[in-house]
Amino acid sequence: EVLAESKNEAYEIVSEQKNIYILNIRVKKDSWTQMFKYLIFNQYKEKIKKEELILFLQQIYVLLRSGISIYDAIEEILNSSVKSKLNSVFSNVLIHIHSGKTFFESVKPYEYELGIITTSMIEIGEKSNNLKYTLSTLITMLETMQKEKTNFQKITSYPKNVMFVMFIAFFILIHYVLPKFKTLFSQLNNDLPLPTQILLQIEHITKEYGFLLVSIALVLYITLPILLREYKQIKYIYDTVILKTYFISSMTYNKNIYYF
């Protein structure tokens, strides 16, 4: 058990001890209140923009090609850039490198901020003794992923707007239009069509449990990303469901194949 304010600090404390290989770091949560505070704090802390990371890696790559060491390259970039979350991370990376750690060992504690692809490619580059080529490949990958993300957002913006308008229209139909016909439907002796019965049932559920459903949806929206990041078992189950879902599975597979 290690007493620290964050996972990064705990990693630094343990990594300084000899004959210890870190497989995983988990936070010991003494109560649900402490766990909730920890998860929310880590969810909404400042994140690094991909554009800034790509630019920083490009500068490292150029300086490495000119024959400058990785330590001097990072130091030079930090001295000529403004203060940001990315600079704070690489300032700590610089301290680790100065203490004798490798580049990968220095960036490993910041895998969440930099991304697992970045840290993995740096590890590959150091083990293959070809960091410059690996950084070039990493930059290309990140640029492609960022470009595809932007294109995907543009493509899906119209369907999202249409779905939003349809949801509003459906909400008005269920809560304002359908109740006016409910009395009329109850006076009919004939069986109602199945679509009408479904609409009436939906109207009853949303009226009786609407607040509960909205609360559950809001809680899931806030906590699901946190749980996926903090608990590998939940992440595994989630990914398994996604990869077995029709259309989404093939789209996810083709997208990741395209990056490589």
Side-chain angles (χ1 to χ4, degrees), residues 6-12 15 22 25 41-99 101-156 225-226 228-230 232 235 239 252 255-260:
S6 65
K7 282 187 175 182
N8 291 339
E9 184 179 341
Y11 185 94
E12 294 172 9
S15 60
I22 303 173
I25 296 179
F41 172 78
N42 282 274
Q43 172 66 9
Y44 294 104
K45 63 182 179 180
E46 184 182 359
K47 296 182 180 179
I48 295 174
K49 295 180 180 179
K50 290 297 181 183
E51 295 85 354
E52 294 180 4
L53 177 59
I54 292 172
L55 179 59
F56 200 99
L57 293 175
Q58 286 174 336
Q59 293 175 313
I60 292 178
Y61 172 71
V62 171
L63 291 175
L64 287 179
R65 286 196 62 185
S66 64
I68 298 177
S69 66
I70 185 66
Y71 180 89
D72 292 335
I74 296 176
E75 186 177 37
E76 180 66 26
I77 297 171
L78 292 176
N79 291 335
S80 59
S81 57
V82 297
K83 184 178 180 180
S84 65
K85 175 66 176 179
L86 181 63
N87 285 10
S88 176
V89 168
F90 273 97
S91 294
N92 293 329
V93 169
L94 204 62
I95 295 174
H96 294 321
I97 296 176
H98 184 70
S99 66
K101 295 182 180 180
T102 65
F103 188 26
F104 168 69
E105 291 173 342
S106 301
V107 299
K108 179 62 177 177
Y110 308 98
E111 188 170 86
Y112 170 72
E113 290 84 355
L114 302 176
I116 189 172
I117 294 179
T118 300
T119 55
S120 298
M121 290 295 288
I122 291 174
E123 181 182 18
I124 293 172
E126 285 195 331
K127 288 184 176 180
S128 62
N129 199 26
N130 199 353
L131 184 59
K132 288 181 287 187
Y133 174 78
T134 308
L135 281 178
S136 176
T137 304
L138 172 61
I139 292 168
T140 302
M141 289 174 56
L142 293 177
E143 287 178 334
T144 303
M145 293 172 66
Q146 188 63 24
K147 181 180 178 181
E148 290 302 315
K149 181 180 179 180
T150 303
N151 291 337
F152 181 78
Q153 290 175 344
K154 290 180 180 179
I155 293 172
T156 57
I226 306 173
L228 292 176
R229 188 184 73 240
E230 295 292 332
K232 292 183 179 181
K235 175 67 173 174
D239 289 341
T252 304
K255 181 187 72 173
N256 285 280
I257 291 295
Y258 174 76
Y259 290 150
F260 296 94

Starting at [atom1] of [X], measure out to [atom2] of [Y] and round the result to the nearest 0.5 Å.
X: Ser106; Y: His98; atom1: OG; atom2: NE2; value: 12.0 Å
X: Gln58; Y: Thr140; atom1: CD; atom2: OG1; value: 9.0 Å
X: Thr118; Y: Glu123; atom1: OG1; atom2: CD; value: 13.0 Å
X: Leu86; Y: Leu57; atom1: CG; atom2: CG; value: 8.0 Å
X: Ile60; Y: Ile68; atom1: CD1; atom2: CD1; value: 11.5 Å
X: Leu131; Y: Leu64; atom1: CG; atom2: CG; value: 6.0 Å

*Say whether, by atom type as modelled, one donor and one acceptor occur between the side chain of Glu126 and the main chain of Thr102 under 3.5 angstrom.*
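Side chain of Glu126 to backbone of Thr102, a donor-acceptor pair under 3.5 Å: no, none is there.
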
*Residue pair Val62, Arg65: steps toward the side chain to side chain contact (heavy atoms under 4.5 Å, CB included) verdict*: CA-CA 5 Å; Val62 171; Arg65 286 196 62 185; 5.8 Å; no

Show the nearest heavy-atom pair for residues [X] and [Y], with the distance to one decimal.
X: Glu111; Y: Lys108; value: OE2-NZ, 2.9 Å
X: Ser81; Y: Asn87; value: OG-ND2, 2.8 Å
X: Ala73; Y: Leu63; value: O-CD1, 3.5 Å
X: His96; Y: Ser99; value: O-OG, 2.6 Å
X: Leu114; Y: Leu53; value: O-CD2, 3.4 Å
X: Thr134; Y: Ser128; value: OG1-OG, 4.2 Å

Partners meeting side-chain contact (heavy atoms from CB on, under 4.5 Å) with [X] (sequence neighbours left out):
X: Ser80; answer: none
X: Glu75; answer: Tyr71, Asp72, Asn79, Leu94
X: Ser120; answer: Ile116

*asked:* Any heavy-atom pair between the side chains of Lys50 and Met145 that's under 4.5 Å?
replied: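 Side-chain contact under 4.5 Å: no.
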
*Between Ile139 and Ile54, is any pair of side-chain heavy atoms under 4.5 Å apart?*
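Answer yes - side chains close enough.
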
*List for me each residue that meets ring-ring contact (aromatic ring centres under 6.0 Å, His included) alongside Tyr61, sequence neighbours excluded, and say none if there are none.*
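Expected list: none.
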
*Please list, chain by chain and in numerical order, all residues satisfying salt bridge (Lys or Arg N to Asp or Glu O under 4.0 Å) with Lys132, sequence neighbours excluded.*
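Lys132 satisfies salt bridge (Lys or Arg N to Asp or Glu O under 4.0 Å) with no residue once adjacent residues are dropped.
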
*asked:* According to ring pair (Phe, Tyr, Trp, His ring centres under 6.0 Å), does anything in residues 116-142 pair up with another residue at least two apart or in another chain? List the pairs.
replied: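 Qualifying pairs: none.
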
*Evaluate the ring planes of Phe103 and Phe90, with Trp represented by its six-membered ring, and classify them as parallel (under 30°), tilted (30 to 60°) or perpendicular (over 60°).*
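Rings of Phe103 and Phe90: tilted, 30 to 60°.
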
